[in-house]
Every structure is written in C-alpha cells, then in structure tokens.
Amino acid sequence: MKDKALLELYNRIVNCRCPCPGERTGAGLVRDRGNLGARIVFLGEAPGGEEIKQGMPFVGQAGRNLDEYLSLAGLGRSDVFITNAIKCRPTQNDGRSNRKPRACEIKHCAHWLDEELALLSPRVIVALGDVALKRLIGGSGRIGNCHGQPFELEKYIVFPMYHPAASIYRRALVEVIQADFKRLGVWLQEILN
Ligand code: URA
C-alpha cells in the first residue's frame, strides 16, 4: 500500500520540471529500497552522480561513510529509510560536478518531501547537514550550532547531524560525527522503546 503510493509519488517526481535557474539531472530516479515502515528517516541533501547511476541514495563515498556511522548507532540500512531534500542532482560544468542546491531548488522541491514524509510517517528525522536542516526549519538552521541535540518539530523529532561527507573534507569532524551517532543510538533506545 505504502509501496504503491510511494512509487506513484516518485513517478510524478520524474516528470517534475524545476523552474529554478541552474543545471541538474535525474529528478525522481533515486529512491531507497530501505524500510518503508521505519520510524527513523535520514534526510540528506541531494543525490550525486553515483546515486543517479544506481538509483539509490548514499551509495557513493558519502554513503560508505554513512554506513560506518550508522553501525555506531547500532543501525543498518534495513532499520531506516533514507531520502534527500532535493530530488534531482544539482550539477555544474556540464554535469561534471555537483553543486550546492540553491534556495529556489530547496523551496520548489519542498512539497515532494512533504508528501514523502506524510506517506512514511516517521517519528524521527535525522537531518544530515545544513541543507536538510534548512529545508526543515528554514534559513536559520546551522548544523555546527545544534548537531546531536534533538528537538520537536510538528509531529517529528529532528536529530541534527553533520552530513557524512563533511568528514571527507574536515577530518577533525570524524570524531564529532562518531560521537553524535553513538549518542543517537542510545537516544533512540530511550524514545522508541
Ligand atoms: N549526499 C546526499 O546528501 N545524498 C545522497 O543521496 C548522496 C550524497
């Protein structure tokens, strides 16, 4: 049932024509095969090239990092559902590289994620990085100021985290992210049991 409704949603996303300036590819082609009944949704930024190629979120280097971090929380991919704030891949240099999603794209993609979350109905949303956090709470969100500190947002509890790719460029963040994921694991036991 959920399965069918999500598939129908992704089929509509494929036909989305974004009015925002900038190049991008592959809207709607990326979807998790994870746990549709999961009470925890991980929210990333936008798919990259590898994600578009494989049609799955977080399968490139950031995904390998995410898998390692998830295990520190006692979680595997089958325990959670993973999705992105932006449904297409924002690109530059004729598709050769990724770029940060723009405010216009975050805004125009917002209703897709709203529909997805309404279908999935999680209790916890783990916001990975500034774009995911901004998408949920607006312009003021900065992961650096609130990572590891959960807060209520409508019917969800949001757990902000650094994006797993952040530690590729800032090695000093590895330990911070590891500690946050361990904390997430303990906290989930308390609130979901
Ligand atoms: N980074 C994201 O935010 N999402 C993905 O799916 C892959 C990398």
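Numbering of ligands and ligand atoms starts at 1, following listing order.
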Could you check whether the rings of Tyr162 and His147 sit parallel, tilted or perpendicular, using 30° and 60° as the cut-offs? tilted

Put together the list of close N/O pairs, under 3.5 Å, between ligand 1 and the protein, could you?
unit_1   : atom_1 : unit_2 : atom_2 : d
ligand 1 : 1 (N)  : His163 : NE2    : 3.3
ligand 1 : 3 (O)  : Glu45  : N      : 2.7
ligand 1 : 3 (O)  : Ala46  : N      : 3.4
ligand 1 : 3 (O)  : Asn84  : OD1    : 3.4
ligand 1 : 3 (O)  : His163 : NE2    : 2.8
ligand 1 : 4 (N)  : Ala46  : O      : 3.1
ligand 1 : 4 (N)  : Asn84  : OD1    : 2.7
ligand 1 : 6 (O)  : Phe58  : N      : 3.1
ligand 1 : 6 (O)  : Asn84  : ND2    : 3.0

Taking disulfide (SG to SG under 2.5 Å) as the test, write out the residues that go with Cys16, two or more places apart.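 Scan of Cys16 (disulfide (SG to SG under 2.5 Å), adjacent residues dropped) gives none.
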
Partners of Cys18 by disulfide (SG to SG under 2.5 Å), sequence neighbours excluded?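 Disulfide (SG to SG under 2.5 Å) list for Cys18, sorted by chain: empty.
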
Carboxylate-amine/guanidinium contact Glu8 Arg12, below 4.0 Å: yes

Could you work out, with side-chain contact (heavy atoms from CB on, under 4.5 Å) as the rule, every residue matching Ser71, not counting sequence neighbours?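 Applying side-chain contact (heavy atoms from CB on, under 4.5 Å) to Ser71 gives none.
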
Exactly one of Ile82, Leu66, Thr83 clears side-chain contact (heavy atoms from CB on, under 4.5 Å) with Pro57, and that residue is Ile82

